[in-house]
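Labels below follow one simple rule: chain letters A, B, ... track the order of the sequence lines, proteins then strands, and each chain is numbered from 1.
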There are 2 protein chains.
Amino acid sequence: MNQAVQGREGVELAPNRYREILEIAARMICEKGYEGASIQQIAQACGLTKAGLYYHIQSKEHLLVEIMHYGMDLFEERVLSQVESIPDPLERLRTAMAKNVLMVTSDRTKEITIILHEHATLTGDELDRINTRKKRYVRFLERSFSEAIATGQIRRVDPKVATFAFLGAVNWIYKWFQPDGHISEEQLVRGMQDVFFGGLEPRSSAKPEGS
Amino acid sequence: MNQAVQGREGVELAPNRYREILEIAARMICEKGYEGASIQQIAQACGLTKAGLYYHIQSKEHLLVEIMHYGMDLFEERVLSQVESIPDPLERLRTAMAKNVLMVTSDRTKEITIILHEHATLTGDELDRINTRKKRYVRFLERSFSEAIATGQIRRVDPKVATFAFLGAVNWIYKWFQPDGHISEEQLVRGMQDVFFGGLEPRSSAKPEGS
DNA sequence: GGTAGGCTACCGACCGATCGGTAGGCCATG
DNA sequence: CATGGCCTACCGATCGGTCGGTAGCCTACC
């Protein structure tokens with residue numbers, strides 16, 4: 001059960017196999033939900049029997065845990081760490097939104113969809129651990145909103161509510177977005193930034209928004 | 001199997017029993033998810049055996065269908081029909097947001113949470129039917145945004161993106177809101193309206209920042 | 001260089017429990 | 001005595017998980 005991945009850094013094949021299993025399992029769980037996807041089906045999709053799959057994983061629950069942490073790894077690598085150091089708070093928020101949107105729309109990251117959808121599936125310590133990682137991002141957004149208010153770049157709004165409005169607008173995308181639909185990824189990124197940060201009230205100072 | 005509810009409008013007792021079952025089943029499915037809540041557990045929560053429950057329902061899937069349609073009934077009654085006739089498009093949207101938020105936060109409406117969470121559980125015709133009802137609301141919002149743009153009350157934004165940002169900000173609430181948490185329902189309603197419709201950019205018309 | 005030992009990656013068979021669903025009977029009320 | 005509302009008892013299928021066993025490969029030792 002995943003001892004190979006604990007090995008030295010020279011080893012490459014075994015961890016790849018494990019990651020491949022995580023990827024396939026993520027696809028299944030993403031399609032059918034955690035409870036809806038059976039170990040049987042996941043094993044079959046991996047080209048294994050149930051017993052063969054259990055050589056690699058501890059339990060179904062732990063499989064979900066690993067998928068979620070892998071998803072959080074990806075998110076922190078591609079979003080959080082990319083924007084944390086941006087000095088300007090508003091630009092930081094706008095960039096975070098762009099990268100966050102792409103994380104949800106890009107169909108390569110099923111793990112993100114699982115994290116978003118299965119928010120109440122885990123329990124106890126494992127749930128706490130995932131939530132702790134999520135909260136890091138939430139607090140990052142809250143701090144950035146507070147900063148942007150302090151610099152006068154945005155209006156005085158409740159940073160907590162603004163954060164959850166931001167997260168809702170962006171994360172909800174997984175529920176309705178279709179990669180081959182009427183709205184493209186780029187269009188969505190620009191549109192979301194425009195609606196959220198551009199505001200809805202008409203500008204008194206005429207500023208041509210059209211492009 | 002639910003013949004009673006098909007009866008004439010005069011009958012009252014049987015439909016009440018049926019609605020009670022829907023309510024209890026909704027609570028269970030809301031807590032454990034559709035796949036996670038078994039017919040056994042739902043029956044027990046109703047004070048029935050499994051066979052006893054099956055006297056009232058057709059199947060587990062049809063039970064979910066009925067819960068969702070009941071939820072849509074509630075939503076259309078308490079939100080859509082309440083705001084549709086508001087002449088001013090911006091006020092219409094603000095009121096829709098307020099009522100929509102309360103629909104999600106009010107813990108009485110587990111059916112709404114189920115509709116939001118189990119967006120991909122149903123398949124085929126039943127999914128289509130639910131989605132058709134959902135789309136009525138989506139199109140209502142789109143039209144209202146378009147109208148508000150036409151009247152010049154809000155900036156020229158993409159009505160589709162604005163609609164999904166609205167829906168995301170509001171519907172995402174079910175994932176994080178705690179009725180006894182730091183944020184009250186009223187605070188959330190005002191905060192969301194403020195962030196979404198008040199905009200984030202500072203007003204050029206000098207408005208004192210401190211308060 | 002043959003072979004013994006050990007290790008990785010896997011399988012078939014099986015476990016008890018539970019799944020959604022049903023057949024047929026029982027009992028109270030009208 | 002008929003029906004509504006519910007029960008006991010059961011169905012086949014599947015659930016998550018484990019068992020002993022083994023094919024193939026690598027390494028060590030004689």
d([atom1], [X]; [atom2], [N]) in whole Å:
X       : N      : atom1 : atom2 : answer
A:Gln40 : C:dC19 : CD    : P     : 17 Å
A:Gln44 : C:dC10 : CD    : C1'   : 16 Å
A:Leu48 : C:dC11 : CG    : C1'   : 10 Å
A:Ile39 : C:dC15 : CD1   : C1'   : 16 Å
A:Gln41 : D:dT14 : CD    : P     : 10 Å
A:Lys32 : D:dG16 : NZ    : P     : 12 Å
B:Tyr55 : D:dG4  : OH    : C1'   : 5 Å
A:His56 : C:dC11 : NE2   : C1'   : 12 Å

For the student: nearest non-hydrogen atoms of B:Glu111 and B:Leu74, plus distance: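 Closest approach of B:Glu111 to B:Leu74: OE1-CD1, 4.1 Å.
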Closest approach of B:Arg27 to B:Ala45 (non-hydrogen atoms, all atoms of both residues):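 Reported closest heavy-atom pair: NH2-CB, 4.5 Å.
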hbond_proxy B:Lys50 side chain to C:dG20 base (donor-acceptor, 3.5 Å cutoff):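 Per atom types, the contact qualifies.
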So which nucleotide from [options] ends up closest to the side chain of [X]?
X       : options                : value
B:Arg17 : D:dC6, D:dT8, C:dG21   : D:dC6
A:Ser59 : D:dG17, D:dC19, C:dG21 : D:dG17
A:Thr49 : D:dC6, C:dC11, C:dA23  : C:dC11
A:Tyr54 : D:dG16, D:dC6, C:dC10  : D:dG16

Whichever of A:Gly36 and B:Gly52 has its nearest DNA chain D nucleotide further upstream toward 5':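 Result of the comparison: B:Gly52.
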Exercise: do B:Tyr174 and B:His117 side chains pair donor with acceptor under 3.5 Å: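 B:Tyr174 vs B:His117: donor-acceptor pair found between side chains.
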Flag for A:Arg133-A:His69: side-chain donor and acceptor within less than 3.5 Å: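 Short answer, yes.
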Centroid-centroid under 6.0 Å between B:Phe164 and A:Trp176 rings: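 Yes - the distance between ring centres of B:Phe164 and A:Trp176 falls below the 6.0 Å cut-off.
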For D:dC30, the Watson-Crick or wobble counterpart (both distances under 3.5 Å):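 Checking every strand shown, D:dC30 finds its partner in C:dG1, with both distances under 3.5 Å.
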